[in-house]
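Each chain gets a letter, A, B and so on, in the order the sequences are listed, and its residues count up from 1.
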2 protein chains.
Amino acid sequence: MKSEQPDGTPFVQATLKVLGGKWKLLILWHLKDKAKRYSELKRLIPEITEKMMIQQLRELESDGIVSRNTLAEMPPKVEYAFTDYGRTIIPILKPLCDWGQEHLKRMDTDEVD
Amino acid sequence: MKSEQPDGTPFVQATLKVLGGKWKLLILWHLKDKAKRYSELKRLIPEITEKMMIQQLRELESDGIVSRNTLAEMPPKVEYAFTDYGRTIIPILKPLCDWGQEHLKRMDTDEVD
DNA sequence: CGGTATCCACAATGATACTG
DNA sequence: CAGTATCATTGTGGATACCG
């Protein structure tokens, strides 16, 4: 009596919404090993603009994935890091990355029609 | 000698590109149990327009995820189904769906600041 | 039934300049 | 250093009409 589960989609969409931005994954990838300062992130991802960097960080923040920690007052130092909750998404990143790698190889090897 | 693996991102981006569309996951979700005809898909997803349906299906097709099979000539019947290669993405869908579900619960339970 | 074509709205991203 | 503000551009999705 399989009931044709048509649900599940809103959940996948929710995940997509959280890390669907153009730069979200890239930022998270750099953050997953250890916390990084704003300037470090900008140095690691030179192609991104300040606006997008801040925007994506703010969204990740409000989704509870990363935390923003101000280190000092006058010489502005801000560190971004995964929250404990945010770390629960890291296991997802792996298979995602793995599949994408195989997909790119396939695209190169086997010219699809 | 950990080399700060900054790679992997293009791979995740590649995956995102494949199933990043607004309707891709929804279509795949309905397709993962068994092949469906175009009209069935439209009936299952009434909110989507013909243009988007076709567009997303074509993209999934050219990415090798789904196949398009014409059944007859005069009474047009077209079935869309997962390819064997496409099925390799199903295991990814699960954790994605699972995390999204937890995330939505968290958003409801624990009002994030 | 299973599309294609055209035009349009809006969201996402980007460039650039300025600020505490 | 770590942002904010504004404007321009692009990309994605949608409405509608028409076709084999």
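Sorted by first and then second residue, the pairs that involve residues 12-26 of chain A and meet salt bridge (Lys or Arg N to Asp or Glu O under 4.0 Å), not counting sequence neighbours, are A:Lys24-A:Glu59. Residue pairs meeting the salt bridge (Lys or Arg N to Asp or Glu O under 4.0 Å) criterion with at least one partner in residues 78-91 of chain B, sequence neighbours excluded, do not occur; the list is empty.
With a 4.5 Å cut-off on side-chain heavy atoms, B:Ile90 and B:Leu28 do not count as touching. Side-chain atoms of B:Leu104 and B:Arg106, non-hydrogen and from C-beta on, never get closer than 4.5 Å to each other. By the 4.5 Å heavy-atom criterion applied to side chains, A:Tyr38 and A:Pro76 are not counted as neighbours. Using a 4.5 Å cut-off on side-chain heavy atoms (C-beta onward), A:Leu19 and A:Ile65 make no contact. Side-chain contact between B:His103 and A:Ile89: absent, with no pair of heavy atoms (C-beta onward) separated by less than 4.5 Å. Two residues are said to be in side-chain contact when any heavy atoms from C-beta on lie closer than 4.5 Å; B:Leu41 and B:Ile48 fail this criterion.
One interatomic measurement links the two molecules: CD of B:Glu79 to P of C:dG2, which rounds to 10 Å at whole-angstrom precision. If you take OH of B:Tyr80 and P of C:dC1, they are 14 Å apart, rounded to a whole angstrom.
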Under 4.0 Å protein heavy-atom contact, by nucleotide of nucleotides 9-20 of chain C - B base, S sugar-phosphate only: ----BBBB---B
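Residue contacts for A:Arg43: at a heavy-atom cut-off of 4.0 Å it reaches no nucleic acid atom on any strand shown. Heavy atoms of A:Lys42 sit nowhere under 4.0 angstrom from any nucleic acid atom.
Contact between the side-chain N/O atoms of B:Arg68 and the OP1/OP2 oxygens of C:dG3 is found at a separation under 4.0 Å.
Pairing each heavy atom of A:Thr83 with each of A:Gly64, the nearest pair is OG1-O, 2.6 Å.
Rounded to 10 degrees, the angle separating the terminal helix axes of the helix from C:dC1-D:dG20 to C:dG20-D:dC1, each built from five base pairs, is 50°.
Where DNA chain D meets chain B (any atom under 4.0 Å from a heavy atom), the bounding nucleotides read 5' to 3' are D:dG13 to D:dG20.
Here the options are A:Met53, A:Arg58, A:Met52, the test is side-chain contact (heavy atoms from CB on, under 4.5 Å), and the partner is A:Gln55; only A:Met52 passes.
A:Lys51 is linked by a side chain to side chain donor-acceptor pair (under 3.5 Å) to nothing, counting only residues two or more places apart in sequence or in another chain.
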